[in-house]
Number of protein chains: 2
Amino acid sequence: MMQLTASQIRQDLNCFGGFGQQGYGYNVAALHKEIGNIMGLDRHMPMVLIGAGNLGRTIARHMDFDSSGFRLIGIFDNSVHIVGQTIRDLVVRDAAELEDFCRAHTPRAAVLCIPKEVAFETTQRLMELGVNCFWNFSHYDLSLDFEGVIVENVHLGDSLMTLSYQINEAYPKTENQK
Amino acid sequence: MMQLTASQIRQDLNCFGGFGQQGYGYNVAALHKEIGNIMGLDRHMPMVLIGAGNLGRTIARHMDFDSSGFRLIGIFDNSVHIVGQTIRDLVVRDAAELEDFCRAHTPRAAVLCIPKEVAFETTQRLMELGVNCFWNFSHYDLSLDFEGVIVENVHLGDSLMTLSYQINEAYPKTENQK
DNA sequence: TAGATTGTTAATCGATTAACAATC
DNA sequence: TAGATTGTTAATCGATTAACAATC
């Protein structure tokens, strides 16, 4: 279904070890669990979310942090209109409380749902508090300015442009449209 | 800055043609425009968004469709609580109007911000209306059931798990944590 | 002409695929 | 023993890198 060959699956699994039994097959349940362990999905690492605008709220509401290796323990914003709101079971805290909160709960990871204008300073604040793993929704490239960060970027604009390219390849612009 | 080599850039550009002048260089502004043309970023293809829940509203509000090759011309939902709301400059329409609207405006692309339970039937409805290009935020794999679709998937869960894996590689679980 | 930079071909590297041994 | 399926090595393929010719 995923368009992978049997060879490729065997090769990929063998990067991490042997999980099957020759002549018999794989124990699917056990393999599934092993892969989860390799990915660290059972770690429940404390994580904070910065920026509770439309995007941040959506992420906080929709994502299943618990089954992805994380536990969302705090949501922060600097707008008086948003601070105090409850999202899921968390009350949005004032960004000014970030230092105290991080010292108390020592998260190592953060979701960045902030405008790129404040991305640098926010990242710097977090790094000083020991947070160096980022799920980055901002348009700012953290890895340029910070050493030793672990970043996973989500740039939805790139994704939409990729779709545009695929469509443009399959159905090219006609001369009239130019 | 993007960690690409000069060789790689030249090779990649030459997949589409020669845009520079030997001995002189590239005209950056012209090259930028050419790349946009290749990606079809100036097409303003009509696009509808299906599902105006948290995620759908966020996408509709945040994304710059116009500079990515699309024009968002309609937002649809089936909840009476959401239909009638205004997002940006669009009023959310009842999903029942989808057929009439598509016949009138003939969009070819759609954003799917719907639960996976209704993803199949919604896709089928859209395909019958001539919409076969999808920006898919649902957990459902369209390409399995539909031939000739162009799909760009956004699976945020995968992205978060990728971050988990990277962290788990860099900072492995200790035995105590197991 | 010398220096610089692109276009293009060749060499290298890594990933995918195929083949086969090992094992149930 | 025969069939099936994994683990692992070898062959193939494609992408990245390097080299060099072309051109300003």
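A, B, ... follow the sequence lines: proteins, then strands. Residue 1 opens every chain. These values consider heavy atoms only, across backbone and side chains, with no hydrogens, waters or symmetry-generated copies.
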**Student:** Got a list of protein N/O to nucleotides 1-5 of chain C N/O distances below 3.5 Å?
**Tutor:**
residue: dT5(C); atom: O2; partner: G23(B); partner atom: N; Å: 2.6

**Student:** Hydrophobic side-chain clustering at under 4.5 Å (ILVMFWY, transitive links): who's grouped with V28(B)? Put none if nobody.
**Tutor:** none
**Student:** Considering only residues two or more places apart or on different chains, which pairs with a residue in residues 14-72 of chain A satisfy ring pair (Phe, Tyr, Trp, His ring centres under 6.0 Å)?
**Tutor:** none
**Student:** Can you tell me the distance, in whole Å, between the CZ atom of R10(B) and the P atom of dT17(D)?
**Tutor:** 12 Å
**Student:** Not counting sequence neighbours, which residues clear side chain to side chain contact (heavy atoms under 4.5 Å, CB included) with D12(A)? List them please.
**Tutor:**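 D12(A): side chain to side chain contact (heavy atoms under 4.5 Å, CB included) contacts with Q8(A).
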**Student:** Does Q124(B) have any side chain to side chain contact (heavy atoms under 4.5 Å, CB included) partners at least two apart in sequence or in another chain, and if so, which?
**Tutor:** F120(B), E128(B), F146(B)
**Student:** Would you kindly give the CD1-to-P distance between I9(B) and dT8(C), to the nearest whole Å?
**Tutor:** 17 Å
**Student:** Could you write out DNA chain C as a dot-bracket string, with dots for unpaired bases, | for bases paired across to another strand, and Watson-Crick or G-U pairs counted at under 3.5 Å?
**Tutor:** ..||||||||||||||||||||||
**Student:** Can you find a pair of side-chain heavy atoms, one from Q85(B) and one from R57(B), that are under 4.5 Å apart?
**Tutor:** yes
**Student:** Distance check needed: dC24(D) P versus N27(B) CG, whole Å only.
**Tutor:**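 Result: 15 Å.
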**Student:** Any non-hydrogen side-chain atom of N132(B) less than 4.5 Å from a side-chain atom of L126(B)?
**Tutor:** no
**Student:** Among residues two or more places apart or on two chains, list those pairs meeting ring pair (Phe, Tyr, Trp, His ring centres under 6.0 Å) that have a residue in residues 72-118 of chain A.
**Tutor:**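 Ring pair (Phe, Tyr, Trp, His ring centres under 6.0 Å) check on residues 72-118 of chain A returns F76(A)-F101(A), F101(A)-H105(A).
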**Student:** Atom CD of Q8(B) to atom P of dT8(C): distance rounded to whole Å?
**Tutor:** 18 Å
**Student:** What pairs with R71(A) under side chain to side chain donor-acceptor pair (under 3.5 Å), at least two apart in sequence or on another chain?
**Tutor:** none
**Student:** Considering only heavy atoms, which members of residues 12-20 of chain A lie under 4.0 Å from some atom of DNA chain D?
**Tutor:**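 Per residue number, the list reads N14(A), G18(A), F19(A), G20(A).
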**Student:** Output side-chain donor-acceptor pairs under 3.5 Å for residues 89-96 of chain B, partner residues at least two apart or in another chain, one line each.
**Tutor:**
residue: D94(B); atom: OD1; partner: A96(B); partner atom: N; Å: 2.8

**Student:** Is Q11(B) side chain donor-acceptor paired with the dT6(C) base, going by distance under 3.5 Å alone?
**Tutor:**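 For Q11(B), whose side chain was compared with the base of dT6(C), there is no donor-acceptor pair (under 3.5 Å).
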**Student:** How would you list, by chain and number, every residue that makes a side chain to side chain contact (heavy atoms under 4.5 Å, CB included) with K116(A), sequence neighbours excluded?
**Tutor:** H139(A), Y140(A)
**Student:** In whole Å, what is the span from the CG atom of L4(B) to the C1' atom of dT17(D)?
**Tutor:**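 Going from CG in L4(B) over to C1' in dT17(D) covers 13 Å.
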**Student:** Closer than 4.0 Å, any side-chain N/O of T5(A) to the OP1 or OP2 of dT17(C)?
**Tutor:** yes
**Student:** Only pairs under 3.5 Å count here: list side-chain donor-acceptor contacts from residues 155-164 of chain B, not counting sequence neighbours, and write none if there are none.
**Tutor:**
residue: H155(B); atom: ND1; partner: S138(B); partner atom: O; Å: 3.4
residue: S159(B); atom: OG; partner: W135(A); partner atom: NE1; Å: 2.8
residue: S159(B); atom: OG; partner: E152(A); partner atom: OE2; Å: 3.1
residue: T162(B); atom: OG1; partner: D158(B); partner atom: O; Å: 2.8
residue: S164(B); atom: OG; partner: M39(A); partner atom: O; Å: 2.7
residue: S164(B); atom: OG; partner: G40(A); partner atom: O; Å: 3.2
residue: S164(B); atom: OG; partner: S68(A); partner atom: O; Å: 3.4

